[in-house]
Amino acid sequence: MINVFQKYSRRLSAVVALLWLTLHAVAQTLTIRPLPTQQQLPMSSVHTIMQDSEGYMWYATEGGGLCRGNGYQIDVFRPQDSNRLQEACKVHCLCETSEGNIVFGTSDGLFMIDKKDYSVRRLTLSPACDQIDALFSDSQGDVWVGTKGIIYRLDREGKQQATFHS
């Protein structure tokens, strides 16, 4: 019996220490403050927040488009080439490419902001898909796009490289 206890005592100590650290982390105090530029956002409903490589904060809003904040002011980006502008302003997800451009998914498709001139262009997917649910930029510079039943892989310029069906 003593041998069994000695054999597992290190593992048991590790589990107890991990449990204590987890409980201690949960007990940390959280501070919630409004954004200094929150009144400038076109919509109060924000799906996702991201900080880009230049330090700007990006806010994916529900109906207000994609917003960029620098701490003092908010700039709003909305797709102009959409027949369903209201749906194109419902931004669900966003990511930054290795080139520093911002890709965002809406209820009306996929768009990219070119940071050289801050133009917004639609990225075409084949087969076509309206609702974009998830975006991820990997270390190779590819952008992965998740939709209902299909995953697309795009290069850093937004050209489709592969399609995976579930």
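Quick note: residue numbers are just sequence positions, from 1.
Contact check for Thr61 versus Val76: no side-chain heavy atoms found under the 4.5 Å cut-off. Between Thr97 and Met112, some side-chain heavy-atom pair lies under the 4.5 Å cut-off. Residues Pro127 and Ile150 form a side-chain contact, since some pair of their non-hydrogen atoms from C-beta on lies under 4.5 Å apart. Using a 4.5 Å cut-off on side-chain heavy atoms (C-beta onward), Phe104 and Thr48 make no contact. Residues Trp58 and Ile113 meet the side-chain proximity criterion, which asks for heavy atoms closer than 4.5 Å. No side-chain heavy atom of Tyr118 sits under 4.5 Å from any side-chain heavy atom of Asp75. Under the 4.5 Å side-chain criterion, counting only non-hydrogen atoms from C-beta, Leu125 is in contact with Gln160. Contact of the Leu135 side chain with the Leu110 side chain is registered, since non-hydrogen atoms from C-beta on lie closer than 4.5 Å.
Nearest heavy atoms, Cys67 versus Pro42: SG-CD, 3.5 Å. Heavy-atom minimum distance, Tyr152 versus Cys129: OH-CB, 3.8 Å. A pairwise comparison of heavy atoms in Thr163 and His165 identifies CG2-NE2, 3.7 Å as the closest pair. Closest non-hydrogen pair, His92 versus Gln131, comes out as NE2-NE2, 3.4 Å. In terms of heavy-atom proximity, Val120 sits nearest to Pro79 at CG1-CA, 4.0 Å.
Between the OG1 atom in Thr124 and the NZ atom in Lys159 there is a gap of 10.5 Å [rounded to 0.5 Å]. Rounding to the nearest 0.5 Å gives a distance of 10.0 Å between CG of Leu154 and OG of Ser137. Note that the CD atom of Glu54 and the CG atom of Asp52 stand 5.5 Å from one another [nearest 0.5 Å]. A distance of 9.0 Å separates CG in Asp130 from OG in Ser107, rounded to the nearest 0.5 Å.
One hydrophobic cluster, built from ILVMFWY side chains closer than 4.5 Å, cannot hold both Ile132 and Ile151; they sit in different ones. Under the 4.5 Å side-chain heavy-atom criterion for grouping Ile, Leu, Val, Met, Phe, Trp and Tyr, Leu66 is connected to Phe111 within one hydrophobic cluster. Residues Val46 and Val103 are members of separate hydrophobic clusters, defined by side-chain heavy-atom contacts under 4.5 angstrom among Ile, Leu, Val, Met, Phe, Trp and Tyr.
One N or O on the side chain of Gln40 and one on the backbone of Ile74 form a donor-acceptor pair closer than 3.5 Å.
Residue Glu96 is tested with Arg156, Lys115, Arg68 for a salt bridge (Lys or Arg N to Asp or Glu O under 4.0 Å); the sole match is Lys115.
Within 6.0 Å of CD on Gln161 lie more than 12 heavy atoms contributed by other residues, nucleotides or ligands.
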Exercise. Carefully, step by step, assess Arg121 and Leu123 under the rule side chain to side chain contact (heavy atoms under 4.5 Å, CB included).
Key: CA-CA 6 Å; Arg121 70 179 170 99; Leu123 301 179; 3.3 Å; yes

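Using a 4.0 Å cut-off between charged side-chain N and carboxylate O, Asp108 and Arg122 make a salt bridge.
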